[in-house]
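See structure below.
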Amino acid sequence: MSGSRNIVVLTGAGISAESGVDTFRDEGGIWSQVRLEDVATPEGFAADPVRVQSFYNARRAQLPLVEPNPAHFALARLEREFEGSVMIVTQNIDDLHERAGSQKVIHMHGELKKALCCACKKSFPHESDLSLEEACPKCGQVGTLRPDVVWFGEMPYQMDRIYDLLRHCDLFLSVGTSGNVYPAAQFVQEAGQHGAHTIEINLEPSLGVSDFEDTRHGKAGELLPIFVDELLTGSYHF
Ligand code: OAD
């Protein structure tokens, strides 16, 4: 295997499911518990900021109670041992990739453990609950902090860099995402059109399954360690 090969891995909520983090659209998932419009749009935040802060405070408080699973560890191993480059682009706002040891992670939908000031637009680490009584440590204004997560209607982070990676990768691997949300749902086409081999690993066929050249359906925690072994031994050809 040549040392110059590039792998881009797109991950979604399904990779954290076996860690005990709810997905969004599976039965009983987050969007069956709360309305997306209420907690994941700028309009929802404007209408009821306390509800939105509480929703993300609860999700942030869950993080110390969950652990990375074998799927996260397999990707960290791939980054460490693969001769080429491995970049994770995650839609997840949890920190499980980093805690498994991955270092090259782009959080395109933001991070639970960061806050964003609506006044000065600065982002900074924030591991405790957010409240409207709090002052921004950067500009001093009170009541301007929100979770640094991307909501529907907002532009995901680092899109130029992500498209550049997609255009220059040799393998595009999608793990644990239903393919409902754009632009991530379109990454497979972008990578495929630029010559990458494309594979989906997901519990069930995603909406975009027909865009992938190869698919494996089942639990990421079971399938990904096997797939990473194949990549590292060179027995999977792409
Ligand atoms: P979804 O909940 O839409 O999809 C999760 C996918 O993971 C489904 O296709 C499941 O079949 C699959 N899955 C569940 N358990 C799995 C397992 N153990 N192994 C492998 N796959 C499994 O979540 P996302 O596609 O990540 O955005 O959702 C994308 C975005 O929609 C999220 O980032 C979030 C949400 O609204 C925002 O809030 C902006």
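Just so you know, residue 1 is the first one in the sequence shown, and it goes up from there. Order of listing sets the numbers, starting from 1, for every ligand and every atom in it. Note that the coordinates shown come from a computational prediction; the quantities given were computed from them, not determined experimentally.
Of all the atoms in ligand 1, the ones that sit under 4.0 Å from a non-hydrogen atom of Lys219 are 19 (N). Applying the 4.0 Å criterion to heavy atoms of Glu18 picks out, from ligand 1, the atoms 17 (C), 18 (N), 19 (N). The atoms of ligand 1 that sit less than 4.0 Å from any heavy atom of Gly176 are 5 (C), 6 (C), 7 (O), 21 (N). For ligand 1, the atoms sitting less than 4.0 Å from at least one non-hydrogen atom of Gly218 are 19 (N), 20 (C), numbered in the order shown with element in parentheses. Here is the list of ligand 1 atoms found below 4.0 Å of a heavy atom in Ala17: 15 (N). Within ligand 1, counting atoms from 1 as listed, the ones closer than 4.0 Å to a heavy atom of Val181 are 29 (C), 30 (C), 31 (O). In summary, the atoms of ligand 1 found under 4.0 Å from a heavy atom of Gly12, numbered by their order in the structure, are 26 (O). Listed by atom number, the atoms of ligand 1 under 4.0 Å from Glu204 heavy atoms are 9 (O), 11 (O).
Shown here for His107 and Asp94, the closest heavy-atom pair between the two residues is CE1-O, 3.1 Å. When all heavy atoms are compared, the tightest approach of Gly44 to Val52 is O-CG2, 3.8 Å. Across all their heavy atoms, Thr23 and Ala17 have their closest contact at CG2-CB, 4.0 Å.
In terms of polar-atom proximity, Ala220 is counted as a contact of ligand 1, with an N or O under 3.5 Å from an N or O of the ligand. On a distance-only criterion, Arg25 and ligand 1 share at least one N/O pair closer than 3.5 Å. For ligand 1, the polar-atom distance check finds no N/O of Val150 at less than 3.5 Å from any of the ligand's N/O atoms. In terms of polar-atom proximity, Asn92 is not counted as a contact of ligand 1, lacking any N or O under 3.5 Å from an N or O of the ligand. Considering backbone and side-chain atoms alike, Ala13 places an N or O below 3.5 Å from some N or O of ligand 1.
The shell of residues lying under 4.0 angstrom from ligand 1, judged by heavy atoms, excludes Ala184.
Nearest protein neighbour of atom 17 (C) of ligand 1, counting heavy atoms only, is Gly14 O, 3.4 Å. Looking only at heavy atoms of the protein, atom 12 (C) of ligand 1 is closest to Asn202 OD1, 3.3 Å. Closest to atom 32 (C) of ligand 1 among all protein heavy atoms lies Phe24 CE1, 3.5 Å. What sits closest to atom 29 (C) of ligand 1 on the protein, heavy atoms only, is Gln91 OE1, 3.3 Å. Ranking the protein heavy atoms by distance from atom 33 (O) of ligand 1 puts His109 ND1, 2.8 Å first. Among protein heavy atoms, the minimum distance from atom 14 (C) of ligand 1 is reached at Asp26 OD2, 3.4 Å. What sits closest to atom 1 (P) of ligand 1 on the protein, heavy atoms only, is Ser178 OG, 3.6 Å. Of all protein heavy atoms, the one closest to atom 21 (N) of ligand 1 is Leu203 N, 3.1 Å.
Taking 4.5 Å as the limit, some side-chain heavy atom of His72 sits within range of a side-chain heavy atom of Ser19. Proximity of Glu134 to His126: side-chain heavy atoms (C-beta onward) are separated by under 4.5 Å at one or more points.
Residue nearest to atom 24 (P) of ligand 1, selected from Asn180, Leu36, Thr177, Leu224: Thr177 (by heavy-atom distance).
In this structure, the ring of His197 has its center less than 6.0 angstrom from the ring center of Tyr236.
Among residue pairs with one or both ends in residues 33-52, those qualifying as ring-ring contact (aromatic ring centres under 6.0 Å, His included) are Phe45-Trp151; sequence neighbours excluded.
Under 3.5 Å, the side chains of His217 and Glu200 contain a donor-acceptor pair of N or O atoms. Between Glu79 and His97, the side chains place no donor N or O within less than 3.5 Å of an acceptor N or O (distance only, hydrogens not considered).
Formation of a donor-acceptor pair under 3.5 Å by the Glu127 side chain with backbone atoms of Lys113 is not found in this model. At distances below 3.5 Å, at least one donor-acceptor pair connects side-chain atoms of Gln53 with backbone N or O atoms of Leu145.
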*Just do the side chain to side chain contact (heavy atoms under 4.5 Å, CB included) check on Asn6 and Leu165 with the steps written out, would you?*
CA-CA 8 Å; Asn6 300 323; Leu165 289 164; over 6 Å; no
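Ion pairing between a basic and an acidic side chain is recognised when a charged N comes within 4.0 Å of a carboxylate O; Glu190 and Arg167 show such pairing.
Considering CG of Leu232 and CD of Glu83, their distance stands at 9.5 Å, rounded to 0.5 Å.
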